[in-house]
Protein chains: 2
Amino acid sequence: MDLSRMDIKLKVGQRVRELRKQRELSQEGLAYKAEVDRTYVTDIENGRRNVSLEIMERLINALDVSITEFFNTKEFRK
Amino acid sequence: MDLSRMDIKLKVGQRVRELRKQRELSQEGLAYKAEVDRTYVTDIENGRRNVSLEIMERLINALDVSITEFFNTKEFRK
DNA sequence: ATGTGACTCGTAGTCCGTG
DNA sequence: CCACGGACTACGAGTCACA
């Protein structure tokens with residue numbers, strides 16, 4: 001898979017899923033912590049939503065990671 | 001200034017401005033490269049807009065920096 | 001427990017100006 | 001060159017029934 005050409009929504013979605021699983025959270029659990037709808041998390045993880053900064057912040061906080069860490073993977077390094 | 005409590009929109013706005021000035025671009029020049037509206041860049045830099053991922057990607061590309069690097073500052077490390 | 005289509009409603013994002 | 005405002009359109013936020 002060519003990471004450099006993958007859509008940013010997909011990259012973010014995969015990163016959310018990766019971190020969520022590391023924390024052993026369900027989509028429902030993450031949704032609760034981030035105060036968003038369960039089905040919205042599904043959409044985000046599957047790259048179907050063009051999320052805004054404020055939602056990103058809530059997800060990242062709920063995943064208990066810094067913004068820097070969230071984007072510190074090879075997928076985001078181009 | 002307490003960086004940890006500063007809103008993500010303000011942090012992003014400041015980072016855009018910082019990188020834009022390093023590149024010696026005007027807001028208009030950046031807007032042109034990122035294919036967004038001139039007035040929208042003003043609002044973003046001043047932390048008034050809740051930008052989406054796709055617009056973020058366009059701005060970051062226009063600033064010629066990776067996503068990882070964009071968020072790799074102490075403001076985003078919490 | 002996750003995924004999907006179809007919604008409503010507010011705001012993201014554009015375009016016209018001003019000082 | 002930048003900040004700001006008004007008016008507009010497109011799309012993100014947020015929810016639901018159903019699978």
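We name chains A, B, ... by the order of the sequence lines, and we start the count at 1 in each one. What you see below is based on every heavy atom in this structure, not just the backbone, and it leaves out hydrogens, waters and symmetry mates.
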- request: Please check the phosphate of D:dC1 (OP1 and OP2 only) for any side-chain N or O of B:R20 closer than 4.0 Å.
  value: no
query: Linking I/L/V/M/F/W/Y whenever their side-chain heavy atoms sit closer than 4.5 Å, directly or via other members, would B:L59 and B:V65 fall into one cluster?
result: yes
query: Looking at residues at least two apart in the chain, or sitting in another chain, which of them share a salt bridge (charged side-chain N to carboxylate O under 4.0 Å, His left out) with B:R38?
result: none
- request: Select from B:N50 and B:V41 the residue whose nearest nucleotide in DNA chain D is closer to the 5' end of that strand.
  value: B:V41
- line: Sorted by chain and number, sequence neighbours left out, side-chain hydrogen bond (donor to acceptor under 3.5 Å, both in side chains) with B:N72 holds for B:R77
- request: Tell me, please, which residues at least two apart from B:R17 pass side-chain contact (heavy atoms from CB on, under 4.5 Å).
  value: B:R20, B:K21, B:Q27, B:E45, B:N46
- request: Give one of base, sugar-phosphate or nothing for B:S26, where a contact means two heavy atoms less than 4.0 Å apart.
  value: sugar-phosphate
message: Taking only side-chain N and O atoms of B:N46, does any of them lie within less than 4.0 angstrom of OP1 or OP2 on D:dA3?
response: yes
- line: Contacts satisfying ring pair (Phe, Tyr, Trp, His ring centres under 6.0 Å) that involve residues 43-72 of chain B (not counting sequence neighbours) are A:F71-B:F71, B:F71-B:F76
message: How close do A:I8 and B:L53 get, counting heavy atoms only, and between which atoms?
response: CD1-O, 3.9 Å
message: According to side-chain hydrogen bond (donor to acceptor under 3.5 Å, both in side chains), who are the partners of B:R48, at least two apart in sequence or on a separate chain?
response: B:D43
- prompt: 5' to 3' on DNA chain C, which nucleotides open and close the contacts with chain B (atom under 4.0 Å from a heavy atom)?
  reply: C:dA12 to C:dG17
field: Set of side-chain contact (heavy atoms from CB on, under 4.5 Å) partners for B:S26, sequence neighbours left out
entry: B:E28
field: Axis-to-axis angle between the two ends of the helix from C:dT2-D:dA19 to C:dG19-D:dC2 (five base pairs per end, rounded to 10 degrees)
entry: 40°
Whole angstrom value for the distance that separates P of D:dC4 from CD of B:Q27: 10 Å
Between C1' of D:dC2 and CZ of B:R48, the distance in whole Å: 11 Å
- line: Sorted by chain and number, sequence neighbours left out, salt bridge (charged side-chain N to carboxylate O under 4.0 Å, His left out) with B:E18 holds for B:R15
task: For DNA chain D, find the residues of residues 56-67 of chain A with a heavy-atom distance under 4.0 Å and give them by number; none if there aren't any.
output: A:R58
- prompt: How long is the span from the CD atom in B:Q14 to the CG atom in B:L19, to the nearest 0.5 Å?
  reply: 12.0 Å
field: Distance in angstrom units between B:K9 NZ and D:dG12 C1', rounded
entry: 14 Å
message: To the nearest 0.5 Å, what is the distance between CG on A:N50 and CD1 on A:I55?
response: 12.0 Å
- line: For A:G47 and A:L10 the tightest heavy-atom approach is CA-CD2, 3.7 Å
query: Can you pull the salt bridge (charged side-chain N to carboxylate O under 4.0 Å, His left out) pairs that have at least one residue in residues 53-68 of chain B, sequence neighbours excluded?
result: A:K9-B:E54
Write down the protein N/O and nucleotide N/O pairs, taken from nucleotides 15-19 of chain D, whose separation is under 3.5 Å; answer none if there are no such pairs.
unit_1	atom_1	unit_2	atom_2	d
D:dC16	N4	A:T39	OG1	3.0

